[in-house]
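Everything on this sheet refers to the single structure shown next.
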There are 2 protein chains.
Amino acid sequence: MGAECHHPDGVHPGLKGSALNHALGAAEQRCAATQERLTAPRRRVLELLLESNSPQKAYDLIAAFGAHGEPAKPPTVYRALEFLERLGFAHRIESLNAYVPCRIDGQSHRAAFLICDCCGAAEEFEPDFTAQLSAAAKAGYQVSTITLEARGRCAACSAG
Amino acid sequence: MGAECHHPDGVHPGLKGSALNHALGAAEQRCAATQERLTAPRRRVLELLLESNSPQKAYDLIAAFGAHGEPAKPPTVYRALEFLERLGFAHRIESLNAYVPCRIDGQSHRAAFLICDCCGAAEEFEPDFTAQLSAAAKAGYQVSTITLEARGRCAACSAG
DNA sequence: GCCGGTTATGTTATCTCATAACAGAAGGTG
DNA sequence: CACCTTCTGTTATGAGATAACATAACCGGC
Ligand SMILES: [Zn+2]
Ligand SMILES: [Zn+2]
Ligand SMILES: [Zn+2]
Ligand SMILES: [Zn+2]
């Protein structure tokens, strides 16, 4: 996937089998606890994200949606992504126009990403926004969300 | 421009007359110093950005490009934007698909934005990325660029 | 001046990404 | 069941960005 080298994609293996089922089950439970519904299309899109090892484009998800190769209609997937983002099950990476499943346990949170320009990996980390929030407060801003995307090379690609 | 209230756009007035000419002249000088060429379409796009008081979409620039209402062709403007970004004269705001002129003097630098969801203002500030760079280093990443976009409400819109 | 490499532009067409609008189905409540 | 709300299916279109290739301007050496 990288423009400059040929390392395998990503740092997350992508979930399969029981690990995948467990993750989907946990999502069901979190939805049930807040009166939200993890309906079939939402569950399917989350499954596709969890199975993947790298950020997925919306139209990749659209193409992979159907069980026997039939694509979904765009609004089906975009609506599911909107839901998954709202509940904190997925994040959009603006600089890639792509989506990843949340890899950090717990409730919805501020996300930040380390993105490898070589292999395409996108690693989520828990950001410390103290400095930036302080700058925002000084300017009189009430901050509701922050997106931070750092581009560069992952450890494997730096070594290679 | 805001979805929720009707404050005037932005915090930057947009340059006119001699202030605009001065800014464009300074850009010429910075280009000359590095063997880069501020050609007519590049200069025109920078002018449009400097005149504006809020982030401009690419197709807004395309529409406004010609002196007598004739639009530019998309590649003309996208190439100019690529140049302006490369030299640090402009920044792309990923979460808006829009562009702003750099409001911070000096050479190209890491940018960060406070974006008001109410009035559409996008205020550039000088970010302190110490915490995030330290987290990236711990994960073994070599970071080349960082984009940070904080969404919320500006001082005027918080008050109103 | 003019040749030849390099960089930039003009032009056409196409591609990717995302949403509006509306009809219908499913779920939940009394 | 009657009603309201939320979600889904479907069609069509809007918004954002780039590929590909031909032409033109710039700049060095000759
Ligand atoms: Zn997350
Ligand atoms: Zn990598
Ligand atoms: Zn700047
Ligand atoms: Zn505002």
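Per chain, numbering begins at 1; letters A, B, ... match sequence-line order.
- The distance from atom CZ of A:Phe83 to atom P of C:dT19 is 18 Å, rounded to the nearest whole Å.
- For the OP1/OP2 pair of C:dA18 and a distance below 4.0 Å, the side-chain nitrogens and oxygens of A:Arg92 include at least one atom meeting the criterion.
- Between A:Lys57 and C:dT16 there is no side-chain N or O to OP1 or OP2 distance below 4.0 Å.
- Heavy-atom neighbours of A:Glu70 CD from other residues, nucleotides or ligands within 6.0 Å: above the threshold of 12.
- Side chain to side chain, A:Glu124 and A:His91 meet the donor-acceptor criterion of an N or O pair below 3.5 Å.
- Judged purely by atom type and a 3.5 angstrom limit, B:Arg151 has no side-chain atom pairing as donor or acceptor with the backbone of B:Leu114.
- Using a cut-off of 4.0 Å between Lys/Arg side-chain N and Asp/Glu carboxylate O, B:Arg110 and B:Glu126 are scored as not salt-bridged.
- Using a cutoff of 4.0 Å between basic side-chain nitrogens and carboxylate oxygens, B:Arg44 and B:Glu47 are scored as salt-bridged.
- The interatomic distance linking B:Leu84 (CG) with C:dA8 (P) rounds to 12 Å, in whole Å.
- Of all the residues in residues 36-45 of chain B, B:Arg37, B:Thr39, B:Pro41, B:Arg42 reach under 4.0 Å from DNA chain C with at least one non-hydrogen atom.
- Inter-axis angle, ends of the helix from C:dG1-D:dC30 to C:dG30-D:dC1, five pairs per end, rounded to 10 degrees: 30°.
- For A:Leu87 and D:dT6, the CG to P distance is 15 Å, given to the nearest whole Å.
- Using a cut-off of 4.0 Å between Lys/Arg side-chain N and Asp/Glu carboxylate O, A:Glu36 and A:Arg30 are scored as not salt-bridged.
- In this structure, the CD atom of A:Glu85 is 15 Å from the C1' atom of C:dT19, given to the nearest Å.
- The side chain of B:Arg79 approaches C:dT11 more closely than any other nucleotide in the set D:dG9, C:dT11, D:dA17.
- A salt bridge links B:Arg92 to B:Glu94: one of the charged nitrogens lies within less than 4.0 Å of a carboxylate oxygen.
- Summarising the geometry, the separation between CG on A:Asn97 and C1' on D:dG16 is reported as 9 Å, rounded to the nearest angstrom.
- Checked by atom type and distance alone, the side chain of B:Gln56 pairs as donor or acceptor with a backbone atom of B:Ser54 at under 3.5 Å.
- Between B:Leu81 atom CG and D:dA17 atom P there is a gap of 9 Å when expressed in whole angstrom units.
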If you restrict it to nitrogen or oxygen atoms, what contacts under 3.5 Å exist between nucleotides 12-15 of chain C and the protein, and what is each distance?
{"unit_1": "C:dT12", "atom_1": "OP2", "unit_2": "B:Lys73", "atom_2": "NZ", "d": "3.4"}

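- Residues A:Val100 and A:Tyr78 do not share a hydrophobic cluster, defined by chaining ILVMFWY side chains whose heavy atoms lie under 4.5 Å apart.
- Taking 4.0 Å as the cut-off between side-chain N and carboxylate O, A:Glu28 and A:Arg43 count as a salt-bridged pair.
- For the pair B:Asp117 and A:Ser144, the minimum side-chain heavy-atom distance is below 4.5 Å.
- Side-chain contact check for B:Ser95 and B:Glu149: at least one donor-acceptor pair (N or O, by modelled atom type) lies under 3.5 Å.
- Between B:Tyr78 atom OH and C:dT11 atom P there is a gap of 19 Å when expressed in whole angstrom units.
- Heavy-atom distances to DNA chain C give each of B:Thr76 and A:Ala98 a nearest nucleotide, and the one nearer the 5′ end belongs to B:Thr76.
- Whole-Å rounding puts the B:Ile62 CD1 to D:dT18 P distance at 11 Å.
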